[in-house]
2 protein chains.
Amino acid sequence: MRVLVVEDDAKIASFVVKGLRQEGFAVDHAPDGDTGLALATSTAYDTAIVDIMLPQLDGISLVKRLRAARCPVPVLFLSAKSSVDDRIKGLQAGGDDYLTKPFAFSELAARVQALIRRANQSPEATRLTAGDVTLDLVTREVTCAGRAVSLQPREFTLLAFLLRHVGRPVSKTMLLEHVWDYSFDPQTNVVDVVVSRLRAKIDPDHTRLETVRGVGYIFRPHA
Amino acid sequence: MRVLVVEDDAKIASFVVKGLRQEGFAVDHAPDGDTGLALATSTAYDTAIVDIMLPQLDGISLVKRLRAARCPVPVLFLSAKSSVDDRIKGLQAGGDDYLTKPFAFSELAARVQALIRRANQSPEATRLTAGDVTLDLVTREVTCAGRAVSLQPREFTLLAFLLRHVGRPVSKTMLLEHVWDYSFDPQTNVVDVVVSRLRAKIDPDHTRLETVRGVGYIFRPHA
DNA sequence: TATTATTCATGCGTGTGCTCGTGGTCGAAG
DNA sequence: CTTCGACCACGAGCACACGCATGAATAATA
């Protein structure tokens, strides 16, 4: 488990880094926001602990940039201020948790564990899977039965939506709304066409992506 | 278990927050609607306790916005008024429960527990069962005596209606109205035909779906 | 402009729902 | 007990809407 600590206060940083290493984590330390951003974008961390008050690039902006760069690492903010306002700003910027200084190390360790657990349990973060089909929202890679498949944007979005609703039928109206952003019925067969093309690529014999007449489609994972 | 308390009255808020913490909940507090909305949309709470009378953004509007943002957190409303009207408004806005001030803390704790329990087991809401026949309205799966049965749309709607009226006879007129959306008698035997097909699939020996001559049909669960 | 992605338009195949008609069942009256 | 009429069951067949696939046209992107 790799953890990144972005903290400028040397005492706190060393206290946190040592403690986490004793817990068995591989820990990297960045003393300022720019270094933190560089490390976070170049390495796959399981969690980042980010101080809000930082030289050069503050913690909130750092995380905003991470999210803009599609980096899904769970972030725990550290802050001297405990105001609800700050907390909200942090969470809105894309943070996952918030801890106020001073804090007990055991508290920090517990939250880091929780973040990692949550991230591992929610494939929602980046990777969707159903049976032998996988789809990575970040790298946009799709595999089916082990081999890579290249999808067009619409096909990709459609498959992602289907994978989020595995085992339950999705209506054409739902698809038009969430894959096409139409709030009305365009009176055409766009959906049918893209479904047809998607099938040709990942399900030629219609065993995964079944049609439910009069209702819509349903994605069933291949045993 | 994380709980959000949105309450502007400091005394009540502290009373509730302390009590819930003693019960082992992780509690966050928002003193007004805007703050509550921000917290609720950025953190995954297991329950939200929301006062109706709030500064800035009132409780009802708050919950409406939450629902519009597809935030499914169970909501318990608090209110000084106990009128049926208010209660209805609350539930219509997407609330799950309603408590009138003043209330005993034990009462509140019990309801919060109930809400969390209900939310965790909720998928049952979409499933109709009678004897050895089950029907899932969401996945559209139907089983009879353990094995899966595939139904056509009309048959599915018909069975769903029958399961909602288990043990009491339903007339053909009722069926035409609720399964076919006819408000008149089409002078044909559509109902008979579809009933016949349904029987062939889930009740070949007429022991579950009996006919009541001159009246209609009645579904009796298999012991 | 060249290239890719998306949408439109068309014809075909088929599942679905409906009607029809026959034969069966029930119940009340003779 | 028999007869008769009304009601019901269900197989067969038809028509239509729905879904599918494909190529052409348009739009977006480089």
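Protein chains get the first letters and strands the later ones, always in sequence-line order, with residue 1 at the start of each. Worth knowing before you read on, the calculation uses all heavy atoms, side chains too, and leaves out hydrogens, waters and symmetry mates.
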Charged N-O contact under 4.0 Å between A/Arg197 and A/Glu155: no
Sugar-phosphate, base or nothing in reach of A/Arg199, heavy atoms under 4.0 Å: sugar-phosphate
B/Asp132 with B/Arg208: basic N within carboxylate O range, under 4.0 Å: yes
Sugar-phosphate only, base, or nothing, as touched by A/Phe156 at under 4.0 Å among non-hydrogen atoms: nothing
Sugar-phosphate only, base, or nothing, as touched by B/Arg213 at under 4.0 Å among non-hydrogen atoms: base
Salt-bridge contact A/Asp192-A/Lys172 (side-chain N to carboxylate O under 4.0 Å): yes
Nucleic acid contacts - residues 163-190 of chain B versus DNA chain D, non-hydrogen atoms under 4.0 Å: B/Lys172, B/Asn189
A/Leu54 backbone acceptor or donor facing A/Asp51 side chain under 3.5 Å: no
Covered region of DNA chain D, 5' end to 3' end, by chain A [heavy atoms, under 4.0 Å]: D/dC18 to D/dG23
Sugar-phosphate, base or nothing in reach of B/Gln152, heavy atoms under 4.0 Å: sugar-phosphate
B/Tyr45 vs B/Asp28, side-chain contact (heavy atoms from CB on, under 4.5 Å): CA-CA, chis, key distance, verdict: CA-CA 9 Å; B/Tyr45 291 100; B/Asp28 284 349; 2.5 Å; yes
Donor-acceptor under 3.5 Å (A/Gln152 side chain, A/Arg154 main chain): no
Flag if over 12 foreign heavy atoms under 6.0 Å of CE, A/Met53: no
DNA chain C: 5'-most and 3'-most nucleotides touching chain B, 4.0 angstrom heavy-atom criterion: C/dT16 to C/dC26
Sugar-phosphate only, base, or nothing, as touched by B/Val193 at under 4.0 Å among non-hydrogen atoms: base
Stacked cation flag B/Arg140 on B/Phe156, 6.0 angstrom / 45 deg: yes
CZ-OG1 distance between A/Phe25 and A/Thr47, expressed to the nearest 0.5 angstrom: 7.0 Å
CA sep, side-chain torsions, deciding dist, call: B/Phe161, B/Met174, side-chain contact (heavy atoms from CB on, under 4.5 Å): CA-CA 10 Å; B/Phe161 187 82; B/Met174 284 172 70; 4.0 Å; yes
Rounded distance [0.5 Å steps], CG in B/Asp203 versus CZ in B/Arg220: 12.0 Å
